[in-house]
Amino acid sequence: MQVHRKLGTWFFLAELITTLEIEPDSPSKDSCGKCNRCIVACPTQAITAPRRLDARRCVSYLTIENKGPIPEEFRRAIGNHIYGCDDCLVACPWNKFAEASQEAAFQARESIFSHTLRDFLSLTDETFRQVFAKNPIKRIKRPAFIRNVCVALGNVGTQEDLPALESLSEDPHPLIAEHARWAVAEIRQRYGLSASETAQPPP
Ligand code: SF4
Ligand code: SF4
């Protein structure tokens, strides 16, 4: 967490590579005091102590860098996050000074936000690349993205999502199939449906 006393915590980190000799500046002072809001806000208890993060528990790691299955112990805690998390940043009181960026490249794209979670399930490799062109989500590729969407639907989906998820339960990609089956089981449990009951569209 990069805390800036005037700008808050919403930063993209970047680096410049240069041959210039630059005098290092001194470390900034502690900005946290007795605050523990980010620790409390973290859905997976990834911030294990002040200034200590277990990246293996972090939703951003689990949904972005992690290439394999998402461990079941974290799936419910992931909630409806489908790419990263940042709940700790949202909780940080230093953001009361933050201002929304005017940088065009950081603005939300309507073409993405017009999709529901269920819409994402029907993306092919080709349409995935089109929808997420020039977007960091493209980097994790379709199987990992669909994996994340399945986990989110397992947590917030409804009976209307079951047919699409059941179809993906037979997907040739094992990552997609396993997470779709998990989502189906979670929704069925939430709505009290037995495994043999067919999903009924709501009235
Ligand atoms: S990004 Fe989310 S999961 Fe990761 S440390 Fe912050 S609150 Fe926890
Ligand atoms: S929420 Fe912000 S100020 Fe509070 S402990 Fe976390 S980083 Fe520090």
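In each ligand, atom 1 is the first atom listed, and ligand 1 is the first ligand listed. Positions are given from 1 along the sequence.
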Just need the protein heavy atom nearest to [atom], so name the residue and atom and give the distance.
atom: atom 3 (S) of ligand 2; value: W94 CD1, 3.6 Å
atom: atom 2 (Fe) of ligand 1; value: C85 SG, 2.2 Å
atom: atom 6 (Fe) of ligand 2; value: C38 SG, 2.4 Å
atom: atom 5 (S) of ligand 2; value: C35 O, 3.3 Å
atom: atom 1 (S) of ligand 1; value: D86 N, 3.4 Å
atom: atom 4 (Fe) of ligand 1; value: C58 SG, 2.3 Å

Atoms in ligand 1 with a heavy atom of [X] nearer than 4.0 Å:
X: P43; answer: 7 (S)
X: T44; answer: 3 (S)
X: S60; answer: 1 (S)

- [ ] Please state whether A41 comes within less than 4.0 angstrom of ligand 1, counting heavy atoms only.
- [x] no
Out of curiosity, [X] [atom1] to [Y] [atom2], how far, rounded to the nearest 0.5 Å?
X: L153; Y: W182; atom1: CG; atom2: CH2; value: 10.0 Å
X: D86; Y: L89; atom1: CG; atom2: CG; value: 4.5 Å
X: I176; Y: S169; atom1: CD1; atom2: OG; value: 11.0 Å

Open item on the list: Please list, in number order, the atoms of ligand 2 under 4.0 Å from a heavy atom of C92.
Closed with: 1 (S), 2 (Fe), 3 (S)
Open item on the list: Checking contacts here: is it the side chain or the backbone of V59 that comes within 4.0 Å of ligand 1, counting heavy atoms only? Could be both or neither.
Closed with: both
TODO: Pick one of side chain, backbone, both or neither for how L53 approaches ligand 1, counting any non-hydrogen atom pair under 4.0 Å.
DONE: side chain
Task: H173-R142 side chain donor-acceptor pair, cut-off 3.5 Å - done: no
Open item on the list: Checking N95 against T9: is there a side-chain donor and acceptor pair closer than 3.5 Å?
Closed with: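 Yes, side-chain donor-acceptor contact under 3.5 Å.
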Task: Carboxylate-amine/guanidinium proximity below 4.0 Å for K6 and E99 - done: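 No, this pair does not count.
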TODO: Look at R56 together with E73 and state whether they make a salt bridge at an N to O cut-off of under 4.0 Å.
DONE: no
Task: Nearest-option assignment for atom 8 (Fe) of ligand 1, heavy atoms, candidates C42, C88, A55 - done: C42
